[in-house]
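Below you'll find the structure, written out as structure tokens, and then a few comments.
Please read these numbers as outputs of a predicted model, since none were measured by experiment.
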Amino acid sequence: KLRQTGKLRGSTYGGREKGVAHYSSAALMLPQLAAKTRDEAIAELSARLAEEGFVQDAEALTDMAIRREEVAPTAIGKGIAFPHVRGIEGGGLTFALGLKRAGIDFGAPDRAKCRLIFFSLIPTAASAFYLKLIATLTDVFRDTEARKTLLAASTPEETWETLEELTRQAIK
């Protein structure tokens with residue numbers, strides 16, 4: 001089992017942060033992924049989660065997420081993917097976001113390359129929260145203009161501010 005450090009200020013266990021800040025932060029935004037493949041994208045996002053102290057073992061996290069992708073791709077179409085690892089011990093539901101303007105093949109049903117990659121750590125107790133979160137993010141980013149607006153961000157801070165603005169009404 002992989003253990004989460006619980007560094008996130010807000011968590012599904014009663015943190016005070018509101019909206020998307022309950023699950024992530026500017027430090028977990030990667031507006032210009034270097035990755036060219038699905039596995040490289042997962043490794044890059046895992047490394048950021050480890051660098052920021054959310055998990056201790058980026059390599060184990062990467063391996064678990066890739067195994068999950070091999071069972072069933074997490075791309076939902078429209079250039080969006082939700083790679084994740086369930087059963088993380090400790091901490092709260094957390095996600096990192098990677099943007100790749102050229103897109104990465106995640107095996108989407110519409111064959112679109114993924115440009116928005118939301119990588120989540122899901123503690124067992126947060127499974128219901130995760131389903132609600134991805135449903136909400138899917139609703140928000142189904143809109144072409146919302147995707148374009150987010151993809152226009154060039155720094156982690158700008159990505160974060162844009163994500164917060166676009167999800168403000170949807171994620172309470």
Side chain proximity check, Val20 to Leu166, heavy atoms < 4.5 angstrom: no
Hey, does Thr144 have a side-chain heavy atom less than 4.5 Å from the side chain of Arg147? yes
Donor-acceptor pair, distance only, cut-off 3.5 Å: does the side chain of Thr155 make one with the backbone of Glu158? yes
All heavy atoms of Ala43 vs all of Thr62, minimum pair found to be CA-OG1, 3.5 Å
Between the CD1 atom in Ile104 and the CZ atom in Arg38, the distance rounded to the nearest 0.5 Å is 11.0 Å
CD1 (Ile134) and NZ (Lys132) are apart, to the nearest 0.5 Å, by 13.5 Å
So Ser24 and Trp160, do their side chains get closer than 4.5 Å, heavy atoms only? yes
Tyr130 and Phe82: which non-hydrogen atoms are nearest, and at how many Å? OH-O, 3.4 Å
Can Lys100 and Cys114 be said to form a side chain to side chain contact (heavy atoms under 4.5 Å, CB included), step by step? CA-CA 7 Å; Lys100 182 69 175 185; Cys114 292; over 6 Å; no
Tell me, do Arg68 and Val85 make a side-chain contact under 4.5 Å, heavy atoms counted? no
Supply the atom-to-atom distance Ile42 CD1 to His84 NE2, rounded to the nearest 0.5 angstrom. 10.5 Å
Side-chain donor or acceptor of Glu69 paired with backbone N/O of Thr74 under 3.5 Å: yes
Suppose we screen for side chain to side chain contact (heavy atoms under 4.5 Å, CB included). Which residues come up paired with Asp143, at least two apart in sequence or across chains? Glu145, Ala146
Quick check: do Phe119 and Leu97 have side-chain heavy atoms less than 4.5 Å from each other? no
Shortest non-hydrogen contact between Ile117 and Ala41, atoms and distance: CD1-CB, 4.2 Å
Nearest non-hydrogen partners of Ala112 and Lys78, listed with the distance: CB-N, 4.5 Å
Distance (rounded to the nearest 0.5 Å) between Phe118 CZ and Phe95 CZ: 6.0 Å
The test is side chain to side chain contact (heavy atoms under 4.5 Å, CB included); show your working for Ile122 and Ile88 and say whether it passes. CA-CA 6 Å; Ile122 311 166; Ile88 301 290; 5.7 Å; no
Would you say that more than 12 heavy atoms from the other residues, nucleotides or ligands in this model lie under 6.0 Å from the CD of Glu70, or not? yes
Any idea which heavy atoms bring Thr124 and Gly87 closest together, and the distance? OG1-CA, 3.4 Å
Heavy-atom side-chain contact between Leu121 and Leu61 under 4.5 Å: yes
Do Leu116 and Leu151 come within less than 4.5 Å of each other through their side chains, counting heavy atoms only? yes
To the nearest 0.5 Å, tell me how far Leu150 CG sits from Met29 CE. 8.5 Å
Verify, without hydrogens or angle tests, whether Arg101 (side chain) and Pro31 (backbone) share a donor-acceptor contact under 3.5 angstrom. yes
Check for a donor-acceptor pair, side chain of Thr94 on one end and backbone N or O of Gly92 on the other, with a separation under 3.5 Å. yes
Gln32 side chain vs Leu99 backbone, donor-acceptor pair below 3.5 Å: no
Just verifying a value: how many Å separate Arg142 CZ and Ile80 CD1, rounded to the nearest 0.5 Å? 8.0 Å
Does any non-hydrogen side-chain atom of Val55 lie less than 4.5 Å from one of Ser46? no
Given side chain to side chain contact (heavy atoms under 4.5 Å, CB included), test Thr136 with Thr167 step by step and report yes or no. CA-CA 8 Å; Thr136 302; Thr167 61; over 6 Å; no
Looking only at atom types and distance, does a side-chain atom of Glu40 sit under 3.5 Å from a main-chain N or O of Lys36, one as donor and one as acceptor? yes
Can you name the closest pair of heavy atoms from Pro109 and Gly77 and give their distance? CD-N, 4.0 Å
Side chain to side chain contact (heavy atoms under 4.5 Å, CB included) partners of Ala108, counting only residues at least two apart: Ala75, Asp110
Should Arg48 and Glu51 count as an ion pair when the cut-off is N to O under 4.0 Å? yes
